[in-house]
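Here the structure comes first, spelled out in structure tokens, and everything after it is commentary.
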Amino acid sequence: MRGKGSRIERLPLPAEIGEALAGYLTGTRPRCSATAVFVTARAPYQALTGTCIRAITGRACDRAGLSRLGAHRLRHSLATAILRAGAPLPEVGQVLRHRSQLSTAVYAKVDHAALRTLAQPWPEGGLRGFTRVPLRTPSGLACRARRV
């Protein structure tokens, strides 16, 4: 596969994807002289370009009632899904073909929803001389302790 920066990348091919690809090549792909694996659905058959992929993705978003997604957002969604499945950050970087761990570190953000399930209740009377003060945060309402 030709990756970022026109580098040739070798990636594992899961069995399920291999079966779907074989099905496409033997049954669904139009017979044509194009050498590309993926070609347009209508004649004249030619290799899918970045513009074709963006148009297909845009129409799928429209049908789903979503705002249009770009390639970066799709990559971000993939990285988030891989992390939520329990993969370590270096593995995410390998799948996204990052050269630097700093590029992958962008995906190591705090998942506030997941952390909320781990939060302990506020200790009533546990902090003498302090009171709870509500705070507005980007992720909702939180509290902090303030000396009275």
Side-chain angles (χ1 to χ4, degrees), residues 1-124 126-127 132-145:
M1 144 183 255
R2 190 163 301 280
K4 292 174 70 172
S6 295
R7 293 180 297 167
I8 301 295
E9 303 282 350
R10 291 187 185 267
L11 297 173
L13 185 67
E16 181 181 354
I17 304 301
E19 290 169 13
L21 185 57
Y24 167 74
L25 291 172
T26 59
T28 310
R29 185 183 184 275
R31 294 195 185 275
C32 63
S33 61
T35 58
V37 173
F38 298 104
V39 295
T40 55
R42 293 187 205 120
Y45 302 113
Q46 51 196 336
L48 285 181
T49 64
T51 303
C52 291
I53 305 263
R54 278 188 291 280
I56 292 166
T57 306
R59 285 193 301 271
C61 289
D62 291 343
R63 284 193 309 272
L66 301 171
S67 61
R68 290 190 170 226
L69 304 173
H72 179 74
R73 202 138 129 222
L74 293 173
R75 287 173 59 83
H76 189 83
S77 296
L78 172 65
T80 302
I82 294 170
L83 282 172
R84 284 194 180 139
L89 206 54
E91 195 171 300
V92 173
Q94 189 176 19
V95 170
L96 297 178
R97 299 178 319 277
H98 287 158
R99 290 184 188 176
S100 165
Q101 287 185 0
L102 292 174
S103 298
T104 312
V106 171
Y107 301 103
K109 296 178 181 171
V110 175
D111 184 346
H112 292 281
L115 285 177
R116 247 182 228 109
T117 64
L118 302 173
Q120 298 293 314
W122 186 268
E124 296 298 327
L127 294 172
R132 287 184 285 178
V133 178
L135 296 172
R136 295 241 179 251
T137 66
S139 60
L141 194 61
C143 291
R144 72 174 173 90

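Position 1 is the first residue of the sequence; numbering continues from there.
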Straight-line distance of Asp62 CG to Ser67 OG, nearest 0.5 Å: 10.0 Å
To check you understand the geometry: which heavy-atom pair defines the closest contact between Leu78 and Leu96, and what is its length? CD2-CD2, 4.2 Å
When you measure from the side chain of Arg29 to the backbone N and O of Val37, does any donor-acceptor pair fall under 3.5 Å? yes
Please report the shortest heavy-atom distance between Gly93 and Thr104, naming the atom on each side. CA-OG1, 3.3 Å
CG on Leu66 to CZ on Arg73, rounded to 0.5 Å: 8.0 Å
Exercise: identify the closest heavy-atom pair between Cys52 and Thr40: SG-CG2, 4.3 Å
Sort and list the pairs that fulfil ring pair (Phe, Tyr, Trp, His ring centres under 6.0 Å) and have at least one residue in residues 49-84, not counting sequence neighbours. His76-Tyr107
With rounding to the nearest 0.5 angstrom, report the CD1 to CZ distance, Ile56 to Phe38. 10.5 Å
Please name the pair of heavy atoms, one in Ala36 and one in Val39, separated by the smallest distance, quoted to 0.1 Å. O-CG1, 3.9 Å
Hey, is the main chain of His98 close enough, under 3.5 Å, to the side chain of Ser103 for a donor-acceptor pair? no
Closest heavy-atom contact between Arg59 and Arg68? N-NH2, 4.2 Å
Calculate, to the nearest 0.5 Å, the distance between atoms CD and CD1 belonging to Gln94 and Ile82 respectively. 10.5 Å
Give the C-alpha distance, both sets of side-chain angles, the deciding distance and a yes or no for side-chain contact (heavy atoms from CB on, under 4.5 Å) between Leu21 and Leu25. CA-CA 6 Å; Leu21 185 57; Leu25 291 172; 4.2 Å; yes
